Amino acid sequence: LLIYRKNLMEIRDDVLRCKIHGGVIRLICTLERCADRLLCGECLTSAPAHYLPHLRLIADLDFSTLIEQTPENLQRLATIDAISYQFEKLLIGHLQRLISVPLENRLVEHGSSLKSASKKQVHSLTSGACLDLASQLERLLDSNRVPAVNSSSQRVRADVPDPTKYKLRCSTAHKDCNVGQKALIFLDQRNLVASAGSNGNVMLWRIINSNLEVVSSQKAHNSFVNAITPLDGQRAIATASDDGTVKVLTVDSLAVVLTLHRHTREVRDVVYDGEVRTIVSVGEDGQFNCWSVDTLLLDLEPISRTFTEGLRLVERFAPGRFAVGDKVGCVHILCYSKRQLVLERTFRAFNRPIKSLISADARTLVMTSLEESIRVFDANDGRRLNEFTAIHSPVMSALKLPGTDFFLFGGDNGVVYAVDLKSGALLRELTGHLATVSALTFVPVGNLILSGGAWDNNKLLLVWEP
């Protein structure tokens with residue numbers, strides 16, 4: 001099984017290099033999920049008996065050999081088409097046995113056979129078949145969902161986190177690098193923390209006995225990295241940077257496999273919506289870009305909307321629905337579905353730039369500005385539901401503790417404030433940073449809180465435990 005997963009990852013990397021259709025990418029990502037589930041001791045009990053042998057054969061297709069046999073310039077369209085054509089014809093034999101409708105029948109409907117099919121027909125046929133098989137496998141995975149068993153050393157605590165009981169566990173220098181505002185995340189499926197910041201490096205950390213240890217570090221951007229978001233299966237992450245690009249990196253090696261060029265100025269935030277399989281980025285150029293992961297490798301332009309003011313933050317609060325904060329204090333609600341982008345409404349939240357924006361639930365938004373107040377809005381109609389002034393400092397980062405009404409806010413003065421959003425009461429002040437608390441994230445293993453600092457001499461990552 002380990003060899004099986006390794007082969008899948010190698011194919012995935014080759015496919016990314018050669019820009020094969022999105023259907024193949026989705027199938028490979030789904031096959032990786034299958035391998036992960038089997039490695040965790042789970043069983044696809046309702047899978048037909050012939051599934052695994054043919055999935056293994058697909059994983060063993062020697063796509064690397066095809067690449068080595070091609071001319072030197074892999075970027076030439078003719079070369080890419082030739083590789084895609086050969087690889088997809090190899091796939092078709094195995095796909096025939098795994099989907100409900102024989103592929104030959106699909107070709108016959110268009111007056112062709114596999115032998116005489118054009119490259120375009122083979123591309124379309126294989127991509128559609130891969131999507132069909134991916135959907136079948138995803139249904140099998142969902143119908144056989146068994147929670148993975150945690151080892152005793154990494155057991156997730158079942159109790160609800162109580163912010164009044166947290167204390168500083170340890171501090172770690174962030175390699176002389178300010179932490180980006182949304183560039184500190186926990187990858188729960190990998191038990192890793194990813195961080196980035198002012199030097200353009202992306203770093204992975206492992207949590208061992210509530211302490212952070214560096215796993216790897218890689219230069220990904222030429223400027224400040226503002227945000228990180230995990231993609232499907234947490235095998236890859238997307239990053240947003242002041243160098244004007246969004247990049248996709250593998251978690252295993254931190255290798256950059258894709259660079260998205262569309263923004264003309266700093267990219268301030270990036271999020272991923274797994275329901276609509278879309279990467280969303282916003283920037284100082286006012287662009288709101290939706291990149292479908294199923295069409296990324298086809299070099300299609302993103303679905304975009306441009307606003308007059310620079311955009312600072314984006315929050316996905318419901319499937320296909322996003323809240324965007326700009327630099328003059330306005331919030332825009334957008335809906336994305338079936339490659340259509342609709343601006344639902346715009347409302348003014350503050351008179352100064354939005355500094356933090358998170359969702360309390362599928363319709364409630366919590367945000368802050370430099371005006372030293374916390375405001376709560378209804379995303380469906382833009383009404384202000386509440387306002388709290390318990391914090392006497394501009395708030396630069398925010399985090400909702402799962403399963404509670406408690407929120408953490410990182411102040412410009414180095415203090416992490418714990419607030420009960422129902423009552424507005426200030427529950428606790430956590431001190432440890434010397435300057436701005438630029439990022440916050442929650443780690444379910446041990447109910448830990450991680451905070452990242454910026455603009456102080458130490459540039460620390462702090463670990464807080466209950």
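Everything numeric here is computed off the predicted structure, so don't read it as measured data.
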Should [X] and [Y] count as side-chain neighbours, where that means a heavy-atom distance under 4.5 Å?
| X | Y | result |
| --- | --- | --- |
| V395 | V437 | no |
| V331 | T346 | no |
| N447 | E465 | no |
| L249 | K247 | yes |
| V443 | I449 | no |
| R321 | N380 | yes |
| L370 | F350 | no |
| L184 | L450 | yes |

For the atom pair [atom1] ([X]) and [atom2] ([Y]), what is the distance rounded to the nearest 0.5 Å?
| X | Y | atom1 | atom2 | value |
| --- | --- | --- | --- | --- |
| R345 | C330 | CZ | SG | 14.0 Å |
| E213 | I208 | CD | CD1 | 4.0 Å |
| R428 | D162 | CZ | CG | 9.5 Å |
| D269 | F322 | CG | CZ | 11.0 Å |
| W464 | L440 | CH2 | CG | 10.0 Å |
| S356 | E315 | OG | CD | 10.0 Å |

Closest heavy-atom pair and its distance - G452, V179: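 Heavy atoms only, the tightest pair is CA-CG2, 4.0 Å.
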Walk me through it: do D326 and R312 pass the test salt bridge (charged side-chain N to carboxylate O under 4.0 Å, His left out)? CA-CA 5 Å; D326 68 21; R312 297 292 176 86; over 6 Å; no
Are any side-chain N or O atoms of [X] and backbone N or O atoms of [Y], one a donor and one an acceptor, separated by less than 3.5 Å?
| X | Y | result |
| --- | --- | --- |
| T229 | Y272 | yes |
| S281 | V270 | no |
| Q218 | L204 | no |
| R375 | A349 | yes |
| K182 | V314 | yes |
| E284 | V267 | no |
| T364 | D361 | no |
| R262 | N289 | no |
| N413 | S393 | no |
| S241 | D243 | yes |

Kindly determine whether T278 and W291 satisfy side-chain hydrogen bond (donor to acceptor under 3.5 Å, both in side chains), including the steps that lead there. CA-CA 5 Å; T278 300; W291 313 81; over 6 Å; no
Distance-only side-chain donor-acceptor flag, H221 / T245, under 3.5 Å: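 A donor-acceptor contact under 3.5 Å links the two side chains.
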Using salt bridge (charged side-chain N to carboxylate O under 4.0 Å, His left out), reason through R268 and D242 one step at a time and then give a plain yes or no. CA-CA 7 Å; R268 293 301 193 191; D242 280 356; 3.0 Å; yes
List the steps, then state whether side-chain contact (heavy atoms from CB on, under 4.5 Å) holds for L421 with I374. CA-CA 9 Å; L421 212 65; I374 304 164; 4.2 Å; yes
Start with the C-alpha gap between Y336 and D273, add the side-chain angles, then the distance that decides, and say whether side-chain contact (heavy atoms from CB on, under 4.5 Å) holds. CA-CA 10 Å; Y336 175 80; D273 187 337; over 6 Å; no
Does the side-chain hydrogen bond (donor to acceptor under 3.5 Å, both in side chains) test come out yes or no for Q181 and S438, once each step is laid out? CA-CA 5 Å; Q181 183 179 8; S438 57; over 6 Å; no
Test side-chain contact (heavy atoms from CB on, under 4.5 Å) applied to Y417 and L408, step by step: CA-CA 5 Å; Y417 298 91; L408 300 181; over 6 Å; no
Under 6.0 Å between ring centres, would you say that holds for F377 and F347? yes
Between R383 and D381, is the salt bridge (charged side-chain N to carboxylate O under 4.0 Å, His left out) condition met? List the steps. CA-CA 6 Å; R383 286 183 301 117; D381 55 21; 2.7 Å; yes
Apply the test side-chain contact (heavy atoms from CB on, under 4.5 Å) to residues V280 and R316: give CA-CA distance (whole Å), side-chain angles for both, the deciding distance (0.1 Å), then the verdict. CA-CA 9 Å; V280 174; R316 180 258 195 201; over 6 Å; no
Step through the shown structure and confirm whether more than 12 heavy atoms of other residues, nucleotides or ligands are within 6.0 Å of NZ on K165.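 It does not: K165 NZ has 12 such atoms or fewer within range.
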Intermediate values then yes/no, side-chain hydrogen bond (donor to acceptor under 3.5 Å, both in side chains), D412 and T436: CA-CA 4 Å; D412 199 27; T436 301; 2.6 Å; yes
